[in-house]
Amino acid sequence: MVDHRISLTRYLVEQQRVHGHIPSELRLLLEVVARACKRISYAVNKGELGDAMGSAGSENVQGEMQKKLDIIANETLIEANEWGGHLAAMASEEMEGIYIVPNRYPQGEYLLMFDPLDGSSNIDVNVSIGTIFSVLRKPEGHPGVHDADFLQPGNRQVAAGYCVYGPQTTLVLTVGDGGAMFTLDREQGSFILTRENVRTSEDTQEFAINMSNMRHWDAPVRRYIDECLAGAEGPRGKNFNMRWIASMVSDVHRILTRGGVFMYPWDKREPHKPGKLRLMYEANPMGSTPWAGSSSRRAAPPPTAGSASSTSSRASCMSA
Ligand code: FBP
């Protein structure tokens with residue numbers, strides 16, 4: 001029986017050949033990232049049977065205790081992507097500095113940033129977690145690759161996405177023309193297209209924020225949530241529900257699927273810190289996936305050396 005389902009490979013080939021959205025090098029890079037996510041999905045799915053649960057006994061650059069799976073996921077992405085010739089370097093939530101592709105491999109023109117396993121606090125309790133990734137072009141005009149090459153504004157991303165490891169393994173990505181969702185067919189071992197031209201619904205009845213931090217919030221955030229909690233009798237004239245999975249990748253996937261607002265605002269607990277979530281491999285890729293419809297970005301020339309922009313943000317908020 002002919003399988004008319006569209007695989008990730010076929011979808012990307014059509015994005016390249018039919019729509020001219022992506023060059024072949026980027027297509028091949030995205031296929032390698034997807035393969036790495038598939039391997040991470042198998043490791044996560046094994047749970048206690050895979051000797052990958054629990055703490056790794058080490059801290060990452062943010063001072064967070066690393067889980068064994070954080071390190072496994074990080075190494076899986078590095079090993080899968082370093083030899084293909086698509087990348088110049090990588091940056092990860094689990095690594096202190098950038099990882100420059102070793103000279104024994106061909107140097108590519110792209111930069112890959114990732115949060116290997118987002119929602120780490122949920123790893124040991126069988127709640128959905130995921131991998132988040134963002135792709136930039138390496139600035140032209142200077143040899144080698146430097147930290148500053150990664151510091152580009154979010155609208156310079158040439159591709160972005162995430163993979164949720166939950167009841168299903170779902171890969172969501174954009175190459176600049178709307179988002180597409182793929183579900184992992186475990187029997188076949190391939191990602192199959194399940195939703196295309198994904199757009200988030202305009203309206204919402206749900207907000208996602210860690211309410212236990214309310215006493216530390218700034219007044220505008222407090223007022224917005226108070227208005228939602230006031231429900232139909234309040235200024236917004238409708239009832240809202242609250243959801244908080246504490247895995248941003250899963251909260252944002254829900255919002256992409258049925259609308260909502262996700263917030264992890266700055267708060268007074270650490271006033272010097274701009275917020276908990278990282279701009280380059282959490283906020284930028286998750287903020288871009290649903291809305292990447294504009295054609296302008298594809299025409300943008302590769303950035304030149306020194307075109308870095310600031311990366312600090314005060315409040316992370318993604319909404320319908
Ligand atoms: P990491 O797990 O990658 O460190 O990400 C941060 C995160 O887990 C987000 O996924 C989630 O939204 C948030 O922290 C949960 O924070 P809190 O535990 O304060 O609710």
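As the structure lists them, so they are numbered: ligands from 1, and atoms in each ligand from 1. These numbers were taken from a predicted model, which means no experiment stands behind them.
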Legend entry - Non-neighbouring partners of His86 that pass ring-ring contact (aromatic ring centres under 6.0 Å, His included), sequence neighbours left out: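 So His86 forms no ring-ring contact (aromatic ring centres under 6.0 Å, His included) with any residue.
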
Inset, instruction - Taking the side chain as every heavy atom from C-beta outward, state whether Pro274 and Leu279 have any atom pair closer than 4.5 Å. - result: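 Not in contact.
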
Inset, instruction - Can you see which heavy atom on His253 is nearest to which on Met181, and at what distance? - result: CE1-CE, 3.7 Å

Inset, instruction - Quick one: closest heavy-atom pair of Tyr99 and Met95, and the distance? - result: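 Closest pair (atom of Tyr99, atom of Met95, distance): CB-CE, 3.7 Å.
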
Inset, instruction - Could you state whether Ile255 and Val198 fall into the same hydrophobic cluster, counting links through intermediate Ile, Leu, Val, Met, Phe, Trp or Tyr residues with side-chain heavy atoms under 4.5 angstrom apart? - result: yes

Inset, instruction - Let me know which protein residues bring a heavy atom to under 4.0 Å of ligand 1; chain then number is fine for ordering. - result: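 Shell around ligand 1 (4.0 Å, heavy atoms): Glu64, Glu93, Asp115, Leu117, Asp118, Gly119, Ser120, Asn210, Trp244, Ala246, Ser247, Met248, Phe262, Tyr264, Lys276, Arg278, Glu282.
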
Legend entry - Under 3.5 Å side-chain donor-acceptor pair for Ser92 and Glu94: no

